[in-house]
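Below is one structure, written out as structure tokens; comments come after it.
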Amino acid sequence: METRYKKSRQREKMLELLRATESHPSADWIYERLKKDFKNLSMGTVYRNLGILIDQGFVRKIDFGSTFDRFDANVTRHYHFVCEKCGAISDVEMPFDDALNRKAGRVGNFEVRSHRIEFFGVCRKCGK
Ligand code: ZN
Ligand code: MN
């Protein structure tokens, strides 16, 4: 069942913001930027609207098991790189490896539909 949501200016702005950045921001980051335009914005509203955007398939939550979640408006299948020094998250421009699904499926006799890979190391800025 598809859930219908009332249109919301805050949510539209939020999606715009997320689509304009490649930084995979946290909810705090979104809140800091939106509160200038929406005076009575609360963190609760930010989280609720993020939840709706995820539900609608416009946004993806990246869970790194860290203290806070990061959000990505790029919902195509892609890999991430995490800098262990500054915490920056970047997209890794390499093709999604469907063969890996088949390989894991064969080994374990599973029906593998997807996988996640995160690369860790030091980003260009921190490596200097
Ligand atoms: Zn870094
Ligand atoms: Mn991404």
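Every number for a ligand or one of its atoms is a count from 1 in the order of the listing. Numbers here are sequence positions counted from 1.
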* To do: Can you tell me, to 10 degrees, how wide the angle at the Mn ion (ligand 2) is between NE2 on His24 and NE2 on His80?
  => 90°
* To do: Name whichever N, O or S atom of Asp91 ends up nearest to the Mn ion (ligand 2).
  => OD1
* Any N/O/S atom, backbone or side chain, of Asp72 lying under 2.8 Å from the Mn ion (ligand 2)? -> yes
* Cationic tip of Arg116 above Tyr79 ring, under 6.0 Å, 45° of axis -> no
* To do: List the atom of His80, the atom of Val92, and the distance in Å for their closest heavy-atom pair.
  => C-CG2, 3.6 Å
* Give the minimum heavy-atom separation between Ser114 and Phe96, together with the two atoms involved. => OG-CZ, 4.3 Å
* **Neighbour count >12 (heavy atoms, 6.0 Å) for atom CZ, Arg113** => no
* Report the angle formed at the Zn ion (ligand 1) by atom SG of Cys86 and atom SG of Cys126, rounding to the nearest 10°. => 110°
